[in-house]
Protein chains: 2
Amino acid sequence: MNPSILARRALALSAGPAGRHFPFEFDPEVVLFDSGFASPAVLPDLTHFAQEALSRHRDEVLQYAPSQGHPELRQWLAEYMNEDGCNLSAAQVLVVNGAKNGLDLICRLLLEEGDTIVVTAPMYFTAIPIFRGHGAQFMEIGQDGEGLRVDVLEEALRRREQAGRPAPKFIYTVPDFHNPTGVTLSRARRVALVELAARRGIAVVEDNPYRRVRFEGEALPTLKSLDRGGWVLHVGTFSKLIAPGLRIGWVAADADVVSRLRQMKADGGTNPFVQRLVLEFCRSPDFAAHVRRVQTVYREHRDCMLAALRQELPQASVDVPAGGYYLWLEFDPRVDGDALARDAAAAGVNLIAGSRFFAGMGDVPRNHLRLSFSYASPAQIEAGVARLGRIVRQQEVR
Amino acid sequence: MNPSILARRALALSAGPAGRHFPFEFDPEVVLFDSGFASPAVLPDLTHFAQEALSRHRDEVLQYAPSQGHPELRQWLAEYMNEDGCNLSAAQVLVVNGAKNGLDLICRLLLEEGDTIVVTAPMYFTAIPIFRGHGAQFMEIGQDGEGLRVDVLEEALRRREQAGRPAPKFIYTVPDFHNPTGVTLSRARRVALVELAARRGIAVVEDNPYRRVRFEGEALPTLKSLDRGGWVLHVGTFSKLIAPGLRIGWVAADADVVSRLRQMKADGGTNPFVQRLVLEFCRSPDFAAHVRRVQTVYREHRDCMLAALRQELPQASVDVPAGGYYLWLEFDPRVDGDALARDAAAAGVNLIAGSRFFAGMGDVPRNHLRLSFSYASPAQIEAGVARLGRIVRQQEVR
């Protein structure tokens, strides 16, 4: 085939194979702090639920299924979110193939080539190519200890309006245990953000994969629970709470928005077998016990990594996240995080340089690292942080 | 949310709920000839394979997985197609969430708003909104007993070139047991089509869900097996051969095309648990036995429906397909298939009016019906065709 027939966006992509990323692609000695894999210690035993789904529900799970998702799972998800402050019906829930599929569909719903969206700086970096693939331009807004600077956003929107430019289409944010910073958006900012978006006629995409992976403290209201005008599209997933391999997420939004998203979800519906399996697991007593175990194990991982960092890397500053999968390390501005990440990989510690988490419309700071504490065991965390400490000390010597 | 912020294509979609379509939404008395559900009699027992996947391979199937698909499944699929005349490596295979997901990704790869594609008239109607959703214009080419009229296509392309218009981006066709007509593209036409496409620099999208659902006769070479210049993108699926609910399909194409499709597949990869389950089933002796059973059962269904039609609807002409799921009934040009389909539904026989299978750029003939023989049992087929015969006779009396 002659590449000249490719669409412009496809032509811009690399034609080569994917790089290494998965645990099975690395020597077991390599410590993986780079990605949000689940701890093997918390992967649940789903054999019983699969057995049930494939025997008792065989005629359901092996046939085509409704593209909006299993009616009972949508009902369960609506109730799950209603217990968390929302007021949803099953008609307001779309089951998707993981949160990324939800984000991709929301881009199809809202974006024309060249439209602007608001993102945090830094942001969840896997979303960057998804948004770019739909032709998005980025308006980056910084964060502080209370999360997204809603005041800065408000001022930026005002300036944009004064310049006669169209409003951004949506504001994308991870309000709970933000990826990569771990920060949780404060209650006052949540209220202000939802109010600002409605007033300005901008949708809010609330990406909330870590909502139940909370280690301490009271939950703050989801943006969706504060939404009165239907401006918030909530993206949920079981990837971080049950298992990434399930590829089951959901979008909660107004029924008419869900109806349009459903029609754009041109894949014949999310796997009905796995939907039934998840539904039976979530309805079982195993689910609550599993959530407690996830919280306990990842709290231990976080505490272990924090203790190791205080010991081995006192020169890095880190805020303590109340949940989620990640620590965000800030170094002296002269430290080159990109070089650090390369040296660490060469020494058998995989992590991601902070610079990769910026959509890159402005200056990109290079003095951060993101460390995931989800996959590595406590012993691996200690070994990996010790290796990282040696590398940083060597850099300082140079 | 104010709908004015929706993308143009989303705004064009219906904001209402989906219509009824699934067996569980109908009274058991209703005979379903309308859709390609599997016969409940051929749904395989996959419990053993799920058990294996979730226990022995738990760390693999519950984690994130490579977005191109499981390496062993891709290898198996390459060999499966190589036994069928191709010459593929695993790098040339992308695992997708069913064939529709593959078609959607191919549109992302190739289409800009307003691009033209070649389709058959009639065509697989579920593909129409997928193609339209990417802004496609349709060039419709008719078929005869040997399938797509490649000579007519060649002449249309020549006229288009003379008019100074750009070539279509791809030719979409179902060469084996075409949906809805059941016709199989002849060997000479296959050779001519692949040669014409390469000469003109047009991709060929070979959608081949029914390939192994052959009841008699020798298989003809796939378009992919005839492809020398990498112009053919083959879309395969297990939906029609194993079970629709698996949502596992694949695209076979050049490695650089597969690499770009992979990057546009922004869903975190196809479900790794179901990929492993399918891999283990396909490697087991159960697979060959299952394929034989599918062929036997659907041959019986086809023969049962043909016999009932000869008895009850001698006024309809129908070609005998050598495989697949459908019969395509042609009536006297004065018969209104749309009205027939409505009357049939009212009498408890669901089928699809032929007019819905045309992309609708030219005149749409209304004197056809598509009857699926896959889902209904032989007893239901006899009862449904008898009901349909009474309805047609009543229309004739009016």
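The sequence lines fix the lettering, A, B, ..., with proteins before strands; numbering per chain opens at 1. Treat the numbers as computed from the prediction; the structure is a model and nothing was measured.
Contacts of B:Val61 with chain A are made by backbone atoms alone, with heavy-atom separations under 4.5 Å and no side-chain atom involved. For chain B, the nearby parts of A:Arg8 are the backbone and the side chain; heavy atoms of each come within less than 4.5 Å. Within the 4.5 angstrom heavy-atom criterion, only side-chain atoms of B:Phe24, from C-beta onward, approach chain A. For a residue to count as touching a neighbouring chain, one of its non-hydrogen atoms must lie under 4.5 Å from one of that chain's; by this rule A:Tyr375 touches chain B with the side chain only. If you measure heavy-atom distances from B:Asp104 to chain A, the contacts under 4.5 Å come from the side chain alone. The contact between B:Pro272 and chain A is made by backbone and side chain atoms together, counting heavy-atom distances below 4.5 Å. In this structure, the portion of B:Leu233 lying under 4.5 Å from any heavy atom of chain A is its side chain and not its backbone. For a residue to count as touching a neighbouring chain, one of its non-hydrogen atoms must lie under 4.5 Å from one of that chain's; by this rule B:Leu277 touches chain A with the side chain only. Proximity to chain B (any heavy atom under 4.5 Å) is shown, for A:Pro44, by both the backbone and the side chain. For B:Pro3, no part lies under 4.5 angstrom from a heavy atom of chain A. Contacts of B:Asp227 with chain A are absent, with no heavy-atom separation under 4.5 Å from either backbone or side chain. Of the two parts of B:Pro66, the backbone and the side chain both hold a non-hydrogen atom closer than 4.5 Å to a non-hydrogen atom of chain A. The parts of A:Leu110 that come within reach of chain B are both its backbone and its side chain, each placing non-hydrogen atoms under 4.5 angstrom from that chain. Residue A:Asp59 touches chain B through both its backbone and its side chain, counting heavy-atom pairs closer than 4.5 Å. Heavy atoms closer than 4.5 Å to chain A are found in the side chain of B:Ser239, but not in its backbone.
Looking at heavy atoms from C-beta onward, A:Gln263 lies in side-chain contact with B:Ser14 at the 4.5 angstrom threshold. With a 4.5 Å cut-off on side-chain heavy atoms, A:Phe273 and B:Asn271 do not count as touching. Taking 4.5 Å as the limit, every side-chain heavy atom of A:Gln63 sits out of range of all side-chain heavy atoms of B:Pro23. The closest side-chain heavy-atom distance from A:Trp231 to B:Ile5 is below 4.5 Å. Side-chain contact between A:Asn97 and B:Arg247 is absent, with no heavy atoms from C-beta onward closer than 4.5 Å.
With respect to chain B, the highest number of heavy-atom pairs below 4.5 Å among A:Leu62, A:Leu6, A:Leu54 belongs to A:Leu62. Between chain B and the residues A:Gly229, A:Ala50, A:Gly268, A:Gly98, the most heavy-atom pairs under 4.5 angstrom are made by A:Gly268. For the set B:Thr270, B:Val274, B:Asn101, B:Leu13, the count of heavy-atom pairs under 4.5 angstrom toward chain A peaks at B:Leu13. For the options B:Ala12, B:Pro40, B:Ser4, B:Ala65, heavy-atom pairs under 4.5 Å to chain A are most numerous at B:Ala65. Looking only at heavy-atom pairs under 4.5 Å with chain B, the residue among A:Ala18, A:Gly133, A:Cys107 that has the most is A:Ala18. Between chain A and the residues B:Gly16, B:Ser35, B:Ala7, the largest count of heavy-atom pairs under 4.5 Å involves B:Ala7. Contacts with chain B were tallied for A:Lys100, A:Arg108, A:Lys169; A:Arg108 has the most, counting heavy-atom pairs under 4.5 Å. Each of A:Ile248, A:Asp45, A:Val258 has some count of heavy-atom pairs under 4.5 Å with chain B, and the biggest count is that of A:Asp45.
For the pair B:Ala15 and A:Arg260, the tightest heavy-atom approach, listed with the atom from each and the gap, is CB-NH1, 3.7 Å. Between A:Arg58 and B:Leu43, the shortest heavy-atom distance links the atoms NH1-O, 3.3 Å. When all heavy atoms of B:Pro17 and A:Ser259 are compared, the closest pair comes out as N-OG, 4.5 Å. Shown here for B:Gln51 and A:Thr47, the closest heavy-atom pair between the two residues is NE2-CB, 3.8 Å.
For the side chain to side chain contact (heavy atoms under 4.5 Å, CB included) with A:Met1, the lone residue among B:Val257, B:Asp256, B:Val232 that qualifies is B:Val257.
For B:Phe22 and A:Tyr64, the ring centers are positioned 6.0 Å apart or more.
Of the charged side-chain nitrogens involved, none lies within less than 4.0 Å of a carboxylate oxygen, so that A:Asp267 and B:Lys265 do not count as a salt-bridged pair.
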